[in-house]
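Working notes, structure below.
A note on names: the letters A, B, ... follow the listed sequences, proteins ahead of strands, and every chain is numbered from 1.
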Number of protein chains: 2
Amino acid sequence: MADMLDRGTHDGAVRFGPLAESLGLLLRLSQLHSFHDFYTALERHHVRPGEISILMMIRENPGIRQGVLASALMIKRAHMAKMARRLEDAGLIERSVPPDDRRAMELRLTAQGELRAAEMTPDLEAHEARNFGGLTPEEAATLRTLLRKYLALDAPKED
Amino acid sequence: MADMLDRGTHDGAVRFGPLAESLGLLLRLSQLHSFHDFYTALERHHVRPGEISILMMIRENPGIRQGVLASALMIKRAHMAKMARRLEDAGLIERSVPPDDRRAMELRLTAQGELRAAEMTPDLEAHEARNFGGLTPEEAATLRTLLRKYLALDAPKED
DNA sequence: CGGATATTGTCTACGTGGAAACAGAATTGC
DNA sequence: GCAATTCTGTTTCCACGTAGACAATATCCG
């Protein structure tokens with residue numbers, strides 16, 4: 001093994017330079033890292049990763065409208081429309097037009113959707129318990145808190 | 001009109017429930033939030049977001065091979081091949097086959113690529129300085145440190 | 001009321017990124 | 001040396017997600 005001069009010849013020896021301080025890149029790489037683990041942990045439920053969060057959100061917010069859910073998950077309405085249609089075709093959610101606004105589309109879980117969501121929950125929690133990467137559980141908790149604050153998400157308002 | 005990060009744009013705020021504790025979703029939302037800001041800050045350079053990190057990485061690691069760069073940025077070789085081709089066509093990078101391994105492809109910035117990278121650097125740094133979201137600079141520094149540790153980017157990994 | 005504007009979901013075209021198969025080159029085993 | 005295997009980049013096809021235009025509905029204002 002030579003000295004450290006031959007960087008760039010192996011995976012672990014690449015210099016990130018200023019990019020190592022880029023929050024955007026760090027978030028991107030972390031998201032990819034977490035996503036890969038997430039996908040392998042839940043693939044056996046035959047539900048796409050993006051659809052999982054939709055199911056869980058509808059379970060927490062029955063009757064939520066597509067656009068509201070889309071902006072909560074930071075995806076576009078066009079994409080939400082496709083996924084909602086697919087989940088409806090799969091029999092997991094039900095879409096209904098509310099009488100007070102016939103443009104809108106309210107989303108609710110079907111019985112089958114509830115079952116699927118309940119089936120996924122343990123795997124989700126197990127994934128969360130393992131998804132610390134190189135962090136201690138305390139550091140992971142700090143990380144979550146910081147991310148929620150970064151997103152200005154910490155406003156758990158109760159009705 | 002919702003200009004800020006108010007996911008509860010209606011009377012009832014959207015409840016994230018257990019997903020508010022999901023590191024994967026928090027990372028995903030944070031990455032999307034950062035990405036949007038990143039894109040608007042650098043779109044005038046006419047370089048795609050994914051290509052910016054490639055240019056910066058090549059600048060830090062001249063002669064790096066496509067596959068090594070791909071795994072460092074956690075993207076697939078197939079995709080790296082396309083982007084490298086596009087950057088070569090744009091005259092920003094130069095691709096050369098090293099004599100010791102004629103399968104490989106070494107990447108370097110052209111003079112034009114160096115210029116473009118130098119042009120982008122101030123905007124990148126300005127973006128980093130503004131991209132704290134709801135965090136204080138100290139919290140942002142902690143967040144970066146935690147993300148690097150999560151990715152095991154600080155500790156040099158040996159086989 | 002009736003026209004102008006905004007909102008909601010949807011559709012089409014496009015860009016981004018991956019999976020799998022492939023060709024060429026390097027390495028290993030015989 | 002030669003076949004088999006492995007590694008590198010590439011190609012093709014496909015899934016995910018967005019941008020922009022659209023129709024239908026709701027709201028605002030004269």
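The side chain of B:Arg95 sits closest to D:dG9 out of D:dG9, D:dC16, C:dT10. Among the nucleotides D:dT11, C:dG17, C:dG9, the one closest to the side chain of A:Arg65 is C:dG9. The side chain of B:His79 approaches C:dG17 more closely than any other nucleotide in the set D:dC16, C:dG9, C:dG17. In the set D:dT10, D:dT18, C:dG18, the nucleotide with an atom closest to the side chain of B:Lys76 is C:dG18.
Among the protein residues, B:Ala78 comes within range of the nucleic acid bases, having at least one heavy atom under 4.0 Å from a base atom.
When the C1' atom of C:dG18 is taken as reference, atom CZ of A:Arg28 falls 12 Å away, rounded to whole Å. The separation between B:Glu106 atom CD and D:dC7 atom C1' is 16 Å, rounded to whole Å. Between the CG atom of A:Leu29 and the C1' atom of C:dG17 there is a distance of 15 Å, given to the nearest Å. The interatomic distance linking B:Arg77 (CZ) with C:dA20 (P) rounds to 15 Å, in whole Å. The interatomic distance linking B:Phe35 (CZ) with D:dC16 (C1') rounds to 14 Å, in whole Å. Following rounding to the nearest Å, A:Ile75 (CD1) and D:dA15 (C1') show an atom-to-atom distance of 15 Å. Rounded to an integer number of Å, the gap from CG of B:Leu73 to P of C:dT16 is 15 Å. The distance between atom CD1 of B:Ile93 and atom C1' of D:dG9, rounded to the nearest whole Å, is 13 Å.
Residues B:Arg59 and B:Thr121 have side chains that bring a donor and an acceptor to within less than 3.5 angstrom of each other. Defined by atom type and a distance below 3.5 Å, a donor-acceptor pair is missing between the side-chain atoms of B:Arg148 and A:Ser30.
Side chain of A:Asn61 to backbone of B:Val14: no donor-acceptor contact under 3.5 angstrom is found. Distance alone, capped at 3.5 Å, is enough to place a donor-acceptor pair between the A:Thr136 side chain and the A:Glu139 backbone. For the pair B:Ser22 (side chain) and B:Leu25 (backbone), a donor-acceptor distance under 3.5 Å is present. Listed for the A:Glu128 side chain is a donor-acceptor partner under 3.5 Å among the backbone atoms of B:Leu23.
Each of B:Tyr39 and B:Met80 was assigned the nucleotide of DNA chain D with the nearest heavy atom; the assignment lying further toward the 5' end belongs to B:Met80. A residue-by-residue look at B:Met83 and A:Gln66 shows that A:Gln66 has its nearest nucleotide of DNA chain C further toward the 5' end. Comparing A:Gly67 and A:Leu32 by the nucleotide of DNA chain C that holds the closest heavy atom to each, the one mapping nearer the 5' end is A:Gly67.
Contact annotation: B:Arg85 side-chain N/O to D:dG9 OP1/OP2 distance is not under 4.0 Å. Listed pair B:Arg48 / C:dT16 meets the phosphate criterion, a side-chain N or O lying under 4.0 Å from OP1 or OP2.
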Write out a two-atom table: protein N or O, nucleotide N or O from nucleotides 22-25 of chain C, distance below 3.5 Å.
unit_1: C:dA25; atom_1: OP1; unit_2: B:Arg102; atom_2: NH2; d: 3.2

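Results of the side-chain contact (heavy atoms from CB on, under 4.5 Å) test with A:Met57 over A:Ile52, A:Val68, A:Leu107, A:Leu73 single out A:Leu73 as the only residue that passes.
Looking at A:Arg95 and A:Glu88, a side-chain N of the basic residue comes within less than 4.0 Å of a carboxylate O on the acidic one, giving a salt bridge.
You'll find a donor-acceptor pair under 3.5 Å spanning the side chain of A:Lys82 and the base of D:dT18, going by distance alone.
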